[in-house]
Amino acid sequence: MDHMLLQAVFIPLLLSPVAYVVGRRHGMAAVTWFSLAVLAYCTALVALAALDGGAEERHAWTGMFGEFGLALDGLASPFAIMIYALSAILAVYSRPYMEHKFAEQYREAHGEGGSAVALAEYVRAKSGTYHALYLVFAMGMLGTVLATNLIQFYVFFEVMLIPGFFLIAFWGDGPRRKIALMFFFWTHVGAVVLLLGFLAVGLSAGTFDFAGIAAAAIDPDIVLVAAVAIAIGLGVKLAAFMFHIWLPWVHGAAPTPISALLSPVMIGIGAYGMFRLIMELLPAAFSELSVWFHVWGLVTMIYGGAMALMQDDLKRLLAYSSISQMGYLLFGLGSQSVLGLAGAEMMYVTHALGKGILFMMAGVIIVRVGTRSISRLGGLAGRMPITATCAVIGALTIAGVPPTSGFMGEWLLFYGALETAVEEGSTLRYVTFGLGLVATALTMSYMLWMIKRVFFGKMPEGLAGTREAGWHMLAPMMALAGFTVVLGIYPDIFLGQIVPYMSGIAGAGELGPGTAAALAGAGAAAAPGGGA
Amino acid sequence: MVTAILGAVGVALPVINVLRRESGSNMFYAAIALGALAAAISYVVSQVAMGTVAASQVLSGDVVADDLLGAFFAIAMLIVAVFTTVSSFAYMRERRYPAVYYSLILLSAVGMVMVAYANDLVVLFVAWELMSIPTYVLAGFNKRDPSSNEAAIKYFMFGALASALIVYAISLAYGLTGTTDIAGVVAGMAALDASLVPLALLAGALFVAGFGFKMGLVPFHMWLPDAYEGSPPPVTALLAAGTKKAGFAAAVRVVVIGMAALSVDWALALAIIAVMTMTVGNVAAVMQKSLSRMLAYSSIGHAGYILIGLAVAPYSATALPGSLLHVLNHAVMKGVAFVAIVGTVTALATAHIDRLRGLGRRMPITAVGITVSLLALAGVPPLNGFWSKLVLFGAAIDAGAAAPWAPWLAIAGVLNSALSLAYYGWVIRKMYFEDSGGERVREPRAIIAVVAFSVGFMVAFGVYPEPLIQLAQSAAPASLMP
Amino acid sequence: MADPAFLALSVLTIVSAIAALELRSLVYGAIALMGTLGGIAGFFLLLDSPFVAMFQIAVYVGSIAVLILFTVMLVRRELIFTKVEDPRRRLAGVGLMLVAMASLGAIVVHSGISGITTEEPAVDFRAIGADFLVRYWPALILMGLVLSGAVTGAMVLARREDTEDDQRAS
Amino acid sequence: MTNELVDFTLVSVALLCVGIYGLAVKRNALRMLFAVEIVINAANLNLVAFARFVPDSGGQTLALFSIAVAAAEVAVGLALIIVAYRMYRDIDVAKFGTLRG
Amino acid sequence: MAEHEGLLAAAAWLVWIVPFAAALTMPALKRWQGRVPGWAAIAGAAASALLAASLLPGALAGGEVHAQTSWIAAVGLEAGVLADPLAVIMSNVVAWISLLIVIYATGYMRGDPHIVRFWFWIMFFVGSMQLIVLSDNLLQMFFGWEGVGLASYALIGFWYRDKKKDHVGTEGRTVLGMLDYYAPTHAGMKAFIMTKIGDVMMLAGMFLIFAYAGTFGFRELVGDTAWAEAMGAQGLLVPALVLLFGGAIGKSAQFPLNEWLLEAMTGPTAVSALIHAATMVKAGVFLVARLGPIAFALGASGLLADQFFEVVAWVGAITALLLASQGMVNPEIKKVLAYSTGSQIGYMMMAFGVAGLSEQFVDGYTAGFYHLISHAMFKASLFMAAGSLLHVVGSRFMTDMGGLRRHMRKTYAFVWAAGLALMGAPFITTGFWSKDAIFASVFESGSEWAMPIFAIAVVTAVITAFYTTRMIGMVFFGPKSEHVRKLESEGHGIHEAPLSMWVPYGVLAAVTIAIGVMGLAFEESLHHLFGGYLEESFGIHSPHGEGEHPALPAPLSGLNPVALGASLAAFGVGIGLGYAFYVGRWIDPARFVASNPVFRGMHAVLLSRWYINAAIYWCFVVSPLWLARGVFRYFERTAIDAGMNTGLERAVGWAARVVQGAQTGITQSYLYVFGAGLLLVALMLLM
């Protein structure tokens with residue numbers, strides 16, 4: 001099919017006004033199916049392109065800043081697939097959650113007295129807006145990942161902010177407007193710092209296209225400065241330590257389906273940026289900075305975990321957990337070895353799955369119980385067994401316990417870190433590796449403790465009447481839970497793409513014995529597969 | 001040609017008024033004015049499109065240079081004039097002296113256009129005055145409104161002082177080089193005796209002050225927020241989006257080109273002013289209560305961004321194109337924002353941010369116009385404002401090789417744009433996320449038209465900015481490029 | 001060294017300029033301003049530019065100053081004779097003025113123009129006329145537009161609406 | 001011609017500074033108008049002086065334009081002051097301070 | 001033959017796949033509550049057991065089945081099963097004991113509303129355990145390893161409502177300010193996290209080895225020793241092995257990660273029997289059995305991993321003594337058994353450790369493994385019996401029992417049988433033979449540490465005999481406790497457990513005795529089997545002559561007299577003391593302890609678990625939480641939140657006010673600024 005990627009990126013955008021109209025005319029159910037259909041189609045496009053071994057499209061754009069390209073390669077495809085798959089799944093999930101939220105806001109605005117007809121009308125009006133913004137949001141994220149040009153990357157990077165801002169400001173919790181502004185503001189600050197880095201790189205290279213930059217020889221001083229700027233800019237998106245100011249608020253306040261998209265999928269794009277922009281485009285700076293990424297990642301992961309321990313608000317806890325998980329990604333990135341990098345990318349996938357489940361769980365609890373305060377929860381496992389099961393699977397995914405995909409991400413990640421440590425004989429790396437492993441215990445602690453406080457133990461008064469969520473909410477969770485287990489047992493679905501790509505970047509000369517042996521095996525294993 | 005059309009119509013309008021003896025027909029005069037502007041703009045655009053315009057004739061020696069630089073500014077300013085006229089449909093409906101009003105707009109437009117085309121200091125000065133004097137009147141056109149009058153008086157005092165300073169500066173330049181022709185001045189400055197350089201620089205400073213007053217550069221900006229807030233909103237659109245840009249047109253012609261000849265580090269001075277300007281503008285815009293005042297400060301901030309391009313012009317080939325691009329974009333963005341204010345003022349009789357609560361529901365199209373323009377002003381892609389900022393900041397970073405301080409301009413610029421998002425976002429928040437409970441209001445059709453056009457412009461050139469970038473590149477005078 | 005006429009004119013001009021600003025009565029101030037404007041005209045004569053001097057006297061002294069004087073007359077008496085200003089700001093203004101004078105004067109004096117005199121004949125005012133029509137005709141057109149705009153604008157502004165409304169009502 | 005160019009320039013600078021002082025200090029709108037006129041005249045003086053010493057007709061031309069423009073300006077300015085006076089019964093500019101912040 | 005091998009390989013795969021499949025069918029059986037899930041579980045466990053048994057003949061003949069399939073192709077990893085004698089025997093032990101316990105649990109868990117969840121996790125556990133046993137590489141094994149951990153977590157916290165009766169510990173009792181009273185969900189979490197610490201070390205070890213060897217496979221690690229040489233050169237070999245052993249420490253509840261096992265007793269007793277006595281805690285031992293030969297075989301290349309074995313031996317010894325000592329004073333029957341479990345596993349570790357330190361690797365290896373088998377049987381039996389007691393009495397405290405021997409005769413008999421095995425009653429119990437083999441191998445190892453470890457082993461044996469007697473005495477002898485009398489007065493008379501419950505532990509007790517009677521022969525054949533296995537697979541040659549393997553047990557011929565004597569003496573002393581205090585009740589233990597401040601202090605220390613638990617809580621729970629709270633309050637909230645959000649807001653607001661304050665609205669001041677600015681710009685340009 002022609003222009004598969006172009007379609008995948010722009011169909012949601014072009015159809016978002018249609019979604020608005022459908023929502024207004026035919027209500028939430030129709031628009032949910034509409035969104036699902038659109039996103040599912042686009043997911044299929046992306047997945048097909050990925051199965052084809054990637055795709056690349058180029059279109060004329062600006063003379064000064066290069067062309068408009070879309071490329072799906074081994075690095076981008078896991079990100080792209082997760083973005084759209086999760087978006088599609090969450091479109092279904094949105095239905096009950098957002099209906100609940102609309103109704104709540106309607107009551108807020110009109111008191112309890114509003115008539116049912118008026119409420120239905122209200123919900124209809126809002127659902128169109130919601131899905132229109134939702135589609136644009138998804139599209140922005142995908143565009144970022146597929147971009148082949150610095151400026152294009154930046155454009156999409158910002159495009160996803162705008163719908164995100166509105167989604168939070170319209171339907172968030174708490175001081176939602178202020179938080180939406182905070183979100184917009186801080187991520188924009190990050191983005192502009194990123195832009196400075198882009199400009200420095202692009203202008204020194206004389207081109208903004210990735211391909212051109214990779215080929216260009218740039219003054220190493222500029223590269224380093226630019227890489228630091230890019231790292232900081234992406235660090236804000238990634239909510240790495242010291243730049244995570246906005247994240248707990250935003251993820252706590254965003255409407256849950258959006259949190260579930262923001263947290264795992266969107267902030268991970270920061271990591272994608274680090275892969276694509278720093279590791280791939282600025283390898284010299286990357287090798288210089290990688291140790292610092294490593295340490296930064298470690299600090300982030302421990303800090304996020306420690307803060308997560310202290311939270312009482314369920315969604316804030318998950319938000320801090322996301323910070324911690326982004327620390328893993330950074331950690332893997334800093335490992336600078338093929339498997340470590342592959343593991344970091346796998347972590348993105350796995351975090352998307354796990355955190356997606358957990359945020360959905362939080363949404364279920366918000367809808368069914370009406371509180372997010374962990375201290376007011378407890379013993380819900382008996383009342384909502386499927387949710388509890390999914391949540392446990394999600395928690396295990398985050399904690400990296402086999403047979404969930406979390407383990408597959410983590411072992412590669414940590415192994416990669418160790419391999420580099422061994423290779424360089426660097427004590428710092430050994431120590432960070434060890435502490436990183438210890439941090440996994442921390443991760444597990446806060447996750448299990450959260451699960452225990454929410455689902456186990458004594459049930460507070462008043463929760464006895466809690467019911468299990470409807471299938472709109474359960475099915476997405478179960479789908480993700482199933483997928484995380486499948487992926488945990490058979491990770492080749494993604495690793496098959498990631499590892500060869502990463503080894504292509506790292507070059508065969510720098511491999512540790514473990515990786516080399518592994519890859520030799522992989523080559524042997526892949527050869528017949530390639531023939532077939 | 002443009003002058004002829006506009007000037008003739010401008011003079012003719014009051015005469016027609018006298019002849020008809022029947023005042024109050026707002027639409028009639030507006031239509032005539034609009035027709036004149038449309039003719040003018042189509043003339044300029046067709047000229048540009050046909051490629052009959054020379055790239056840059058700054059150094060040609062003619063009194064009026066019919067070049068792309070002028071055409072570029074002319075397009076920007078004529079668009080603004082059209083905005084003003086169209087939005088005045090709504091605004092002037094209940095007000096008096098429409099004939100004079102539109103004629104003044106046209107005269108001012110002539111002035112602006114001629115400032116852009118002027119290639120001789122004498123013409124420049126007279127055009128400058130032609131641009132300014134009608135706007136003094138326009139600013140005070142609401143005779144019953146004390147703030148309109150206050151704005152006009154402040155504006156007038158500054159304007160008069162500034163034009164006196166410009167004359168003074170011209171006199172120095174003339175005295176040093178013996179000619180008023182810009183090309184001659186440049187040549188003369190380049191060959192200046194070292195002992196005379198301080199005077200040349202003094203002239204430069206006076207030019208900066210004189211033009212900077214219009215551009216709203218710190219510290220010559222202080223009249224600006226008051227004048228913008230107090231003037232009738234369509235006039236503010238003209239001031240902010242139009243005459244301000246004429247200041248840049250003059251600055252590009254005179255300050256940059258003229259001073260490039262002097263081999264002193266004047267660029268640094270401009271850079272300092274640029275940083276001060278953008279910082280003061282953006283900081284002061286925070287927590288404003290009136291939307292027009294906030295936008296006034298924001299336009300001070302934007303003057304700072306544009307000045308970046310002028311400051312690094314000698315070091316980067318993309319600097320001046322960046323400035324030009326931002327001039328055009330800012331004209332549209334700010335123009336539509338003020339036009340939207342016209343809408344709120346006519347429909348709701350307020351531009352107070354707190355009273356704009358729920359605007360998204362009450363006046364959806366106006367609110368969309370404001371939102372998109374604010375986002376574009378903040379430089380959020382994919383809107384046109386992003387690209388011009390991008391080119392500007394890029395130029396600043398690019399200039400870093402020759403001038404080590406230049407990247408700091410870019411850093412200051414991006415930090416300021418980030419800051420600006422905070423107060424733009426605040427307005428958006430008021431419009432969409434808070435509700436005053438008012439009923440939906442009918443939006444003036446003229447405003448809708450302007451908003452539709454500008455939103456289309458901002459989005460279209462945001463997604464595909466190539467034509468504008470190329471236009472700006474070819475319009476920028478090549479003489480400065482390293 | 002400057003000749004006595006120049007010195008006398010300088011003193012006249014500057015002192016009357018200061019007087020125009022500082023005299024308690026606005027009327028006297030306006031008259032002192034006329035003195036300044038006349039002094040400038042005198043300078044123009046000294047500079048062998050009689051045409052400009054005449055223009056100065058005709059336009060400035062003859063019309064502008066008179067216009068101002070009439071306006072002054074329009075204003076209430078006590079406003080004419082009371083002078084309001086903040087002592088602190090005045091002090092600051094004087095300071096600024098002196099600093100500016102000193103620094104600008106220093107720039108001027110130390111720049112290369114000191115000591116320039118000329119023996120060349122003055123420009124014939126016919127050349128000016130030729131300039132107007134040949135070279136600066138666009139400016140002339142613009143000037144016409146300026147004047148027409150200013151006149152219509154000033155008229156609209158100055159028109160008393162209350163009386164007009166009364167007329168229309170009647 | 002016995003006078004030096006610099007003498008005229010100095011007088012002009014002095015007038016310029018007086019004018020700016022007047023603008024910065026005086027609160028009476030009419031006096032501010034006076035000050036503006038002083039500045040314009042300083043500029044004109046400079047212009048004509050340079051024109052004499054260059055010598056060239058351009059300076060004088062511009063001076064003429066400048067005088068005419070000044071007239072137009074004064075007309076508008078006076079009109080504005082009159083409007084203000086009608087509204088406030090006062091011409092103290094410091095009292096026109098509602099726009100601020 | 002190839003076909004036959006294929007069948008065997010399929011059986012080896014199915015051994016662990018079948019239980020998983022059974023687990024996955026459980027949710028589908030939810031509709032038919034009641035007995036159906038139980039039957040399905042029995043079917044699954046039985047199928048698995050039969051499959052395991054089908055592997056037995058080949059393994060006993062010294063054969064091995066090794067099959068692989070592609071797994072993570074991207075990294076070149078393969079999944080596989082390795083059914084060598086070690087794995088097959090272990091697999092059978094696991095399979096058959098699980099089958100018995102599953103049968104027991106159908107009775108024990110009857111009527112529980114969450115029975116489906118129970119069976120799911122039990123079957124999941126069995127599958128994971130078999131996966132550990134049959135994996136041919138470390139990574140795959142780790143899946144099972146975490147799987148059993150997960151099942152353990154889920155089952156310890158099975159009664160997730162945290163009712164009072166499901167807790168362990170004495171309510172209100174604190175040790176160093178830490179409450180010694182644990183809810184099931186807390187206990188599950190504690191177990192999972194503590195074992196995770198071990199797992200983390202294990203992962204680190206695995207990765208280190210993988211980094212050098214490029215493989216996780218057990219077979220591959222043996223063949224080529226280049227990796228070990230490289231690691232040895234860097235001094236990383238022993239650390240890597242010790243890190244791997246860390247996993248075993250965690251899973252087998254060895255010192256210092258022993259504390260979770262006691263709280264694990266909050267789970268249903270069937271779970272305690274299966275997971276926390278018979279199988280899962282043996283996974284660590286199994287891991288050492290897997291790795292020990294690899295490490296020892298490196299000795300042939302001159303790479304001695306002595307320090308690794310020393311660590312193993314000492315950890316085992318310390319754990320054995322530490323936990324046994326606490327078992328002497330604890331009032332809860334399941335906790336006593338748990339202490340005993342940890343302590344006995346310490347023996348096994350000790351055996352494997354000294355095996356590596358001696359020339360006679362096979363001796364220690366066999367001894368350890370023999371003890372593993374016998375302990376699995378008698379401890380499972382004891383736990384199930386304890387479950388019956390709990391079931392009947394409704395209290396976990398032994399002080400609430402007493403005098404039950406007349407009411408529960410079968411249980412009484414089986415507890416004696418299994419208890420004697422635990423105590424190491426001479427000649428007729430498996431426990432005696434296996435413990436004696438350990439004593440002997442320790443004594444004969446010739447290591448410099450042999451004597452201290454031997455002494456510890458003997459002391460531990462005394463204590464073991466004592467606490468076992470104490471338990472039996474407190475439960476079955478003496479007067480009935482108030483609790484029991486209250487029950488009787490309420491009409492809930494004490495009665496024997498139902499058939500489905502007593503049969504399983506009866507069978508195990510009987511088998512214990514049966515094997516015990518011909519214990520030496522059993523040991524010899526095991527020795528023979530492992531001798532061949534180690535020789536063939538690892539090239540470890542033991543200098544014992546082949547002639548020393550008589551077909552029939554010549555009683556006592558292969559025994560070491562010192563070890564034998566020590567063993568007998570320990571048994572005698574221990575049971576004697578226990579009898580005096582608790583069966584004969586000649587001395588009142590409470591008064592005895594109170595009589596002397598030293599005893600009082602010791603009692604307190606023992607009852608407070610040597611303060612280790614409390615110390616761990618202080619160091620790893622309380623302080624980190626305290627630290628985290630501090631950081632949260634004084635950094636996250638202040639520096640990050642307030643500092644960057646509010647602070648920035650305030651700073652900008654302040655700046656805005658300053659700038660806006662300058663905008664006074666008065667034209668003069670504007671013009672003044674204009675003039676000053678002009679001057680400034682002029683000067684700036686001129687500078």
Side-chain angles (χ1 to χ4, degrees), chain C residues 2-3 6 10 14 17-18 20-21 26 29 33 36-37 40 43-44 46-49 52 55-56 59-60 63-64 67 71-72 75 79 84-85 89-90 93 96-97 100-101 104-105 108-109 113-120 122-123 127-128 131-132 136 139 143 146-147 150 153-154 157-158, chain D residues 1-11 13-18 20-22 24-28 30-31 33-35 37-38 41 44-45 48-49 51-53 55-58 60-61 63-65 67-76 78-83 85 89-92:
Chain C
D3 61 4
F6 175 83
S10 319
I14 296 175
I18 296 174
L21 296 173
L26 261 180
L33 181 66
T36 310
L37 301 177
I40 298 289
F43 279 122
F44 290 167
L46 271 186
L47 288 164
D48 303 326
S49 313
V52 186
F55 203 74
Q56 168 90 357
V59 176
Y60 256 119
S63 64
I64 297 183
L67 201 59
T71 315
V72 170
V75 174
L79 288 181
V84 281
E85 55 191 34
R89 176 166 289 135
R90 183 170 176 197
L96 176 66
M97 179 176 77
M101 265 188 196
L104 294 182
V108 170
V109 170
I113 61 165
S114 59
I116 292 182
T117 55
T118 182
E119 294 307 326
E120 289 179 53
V123 179
I128 300 173
D131 250 12
F132 262 115
Y136 293 117
M143 194 64 235
V146 168
L147 289 174
L157 282 180
Chain D
M1 191 69 208
T2 55
N3 294 305
E4 291 178 16
L5 171 59
V6 71
D7 299 334
F8 291 99
T9 314
L10 282 176
V11 171
V13 164
L15 284 175
L16 173 75
C17 293
V18 171
I20 291 179
Y21 155 77
V25 172
K26 299 301 163 188
R27 287 167 54 177
N28 188 313
L30 282 168
R31 272 199 218 273
L33 206 59
F34 293 178
E37 292 309 315
I38 292 171
N41 275 287
N44 283 344
L45 174 57
V48 175
R52 176 68 187 82
F53 286 87
D56 177 55
S57 65
Q60 290 194 36
T61 318
L64 290 173
F65 276 122
I67 292 168
V69 162
E73 248 172 23
V74 167
V76 170
L78 284 174
L80 285 171
I81 291 171
I82 287 169
V83 173
Y85 177 70
R89 309 308 292 171
D90 203 343
I91 48 174
D92 184 352

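Quick note on labels: first sequence line is chain A, next is B, and so on, each numbered from 1. Since we're looking at a predicted model, the values are computed, not measured.
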Trainee: Please state whether the side chain, the backbone, both or neither of Ile14(C) comes within less than 4.5 Å of a heavy atom of chain D.
Mentor: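 Both backbone and side chain.
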Trainee: Pick whichever of Thr9(D), Val18(D), Ile81(D) has the most heavy-atom pairs under 4.5 Å with chain C.
Mentor: Val18(D)
Trainee: Looking at Ser49(C), Ser10(C), Gly105(C), Ala127(C), which makes the most heavy-atom pairs under 4.5 Å with chain D?
Mentor: Ser49(C)
Trainee: Determine whether a donor-acceptor pair (N or O, by modelled atom type, separation under 3.5 Å) exists between the side chain of Arg31(D) and the backbone of Ala20(C).
Mentor: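 Yes, Arg31(D) side chain to Ala20(C) backbone: donor-acceptor pair under 3.5 Å.
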Trainee: So, do Ile67(D) and Val52(C) sit near enough that their side-chain heavy atoms are less than 4.5 Å apart?
Mentor: yes
Trainee: Taking the side chain as everything from C-beta on, heavy atoms only, tell me whether Leu96(C) gets closer than 4.5 Å to Tyr21(D).
Mentor: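 No; the side chains remain at least 4.5 Å from each other.
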Trainee: Report the option among Asn41(D), Leu10(D), Val11(D), Asn44(D) that has the most heavy-atom pairs separated by less than 4.5 Å from atoms of chain C.
Mentor: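 Of the options given, most contacts go to Asn41(D).
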Trainee: Would you say that Leu26(C) contacts Ile91(D) through its side chain, given a criterion of any heavy-atom pair below 4.5 Å between the two side chains?
Mentor: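 Answer yes - side chains close enough.
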Trainee: Please walk me through it: do Phe55(C) and Tyr60(C) pass ring-ring contact (aromatic ring centres under 6.0 Å, His included)?
Mentor: CA-CA 8 Å; Phe55(C) 203 74; Tyr60(C) 256 119; 9.3 Å; no
Trainee: Quick one: closest heavy-atom pair of Leu147(C) and Ala72(D), and the distance?
Mentor: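 Shortest heavy-atom contact: CD2-CB, 3.9 Å.
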Trainee: Out of Gln56(C), Arg89(C), Met97(C), return the one with the most heavy atom pairs under 4.5 angstrom to chain D.
Mentor: Met97(C)
Trainee: Do Ile38(D) and Leu21(C) have side chains that get closer than 4.5 Å, going by heavy atoms?
Mentor: yes
Trainee: Between Val48(D) and Ile40(C), does the side chain to side chain contact (heavy atoms under 4.5 Å, CB included) criterion hold? Intermediate values first, please.
Mentor: CA-CA 10 Å; Val48(D) 175; Ile40(C) 298 289; over 6 Å; no
Trainee: Heavy-atom cut-off 4.5 Å, strictly under: side chain, backbone, both or neither for Met143(C) against chain D?
Mentor: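 Looking at Met143(C), just its side chain touches chain D.
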Trainee: What part of Ser63(C) gets closer than 4.5 Å to chain D, counting heavy atoms only: side chain, backbone, both or neither?
Mentor: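 For Ser63(C), neither part sits under 4.5 Å from chain D.
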Trainee: I need the residue from Asp92(D), Ile82(D), Leu78(D) with the largest number of non-hydrogen atom pairs under 4.5 Å to chain C.
Mentor: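 Of the candidates given, the most pairs with chain C belong to Leu78(D).
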Trainee: Relative to chain C, which segment of Phe34(D) carries a heavy atom at a distance below 4.5 Å: side chain, backbone, both, or neither?
Mentor: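 Contact with chain C is through both the backbone and side chain of Phe34(D).
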Trainee: As an exercise: rank Asp90(D), Leu16(D), Leu33(D) by heavy-atom pairs under 4.5 Å with chain C and give me the winner.
Mentor: Asp90(D)
Trainee: Heavy-atom distance under 4.5 Å to chain C: side chain of Leu15(D), backbone, both or neither?
Mentor: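 Contact with chain C involves the side chain of Leu15(D) alone.
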Trainee: In terms of heavy-atom pairs under 4.5 Å, which option from Thr61(D), Val13(D), Val76(D) contacts chain C the most?
Mentor: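 The answer is Thr61(D).
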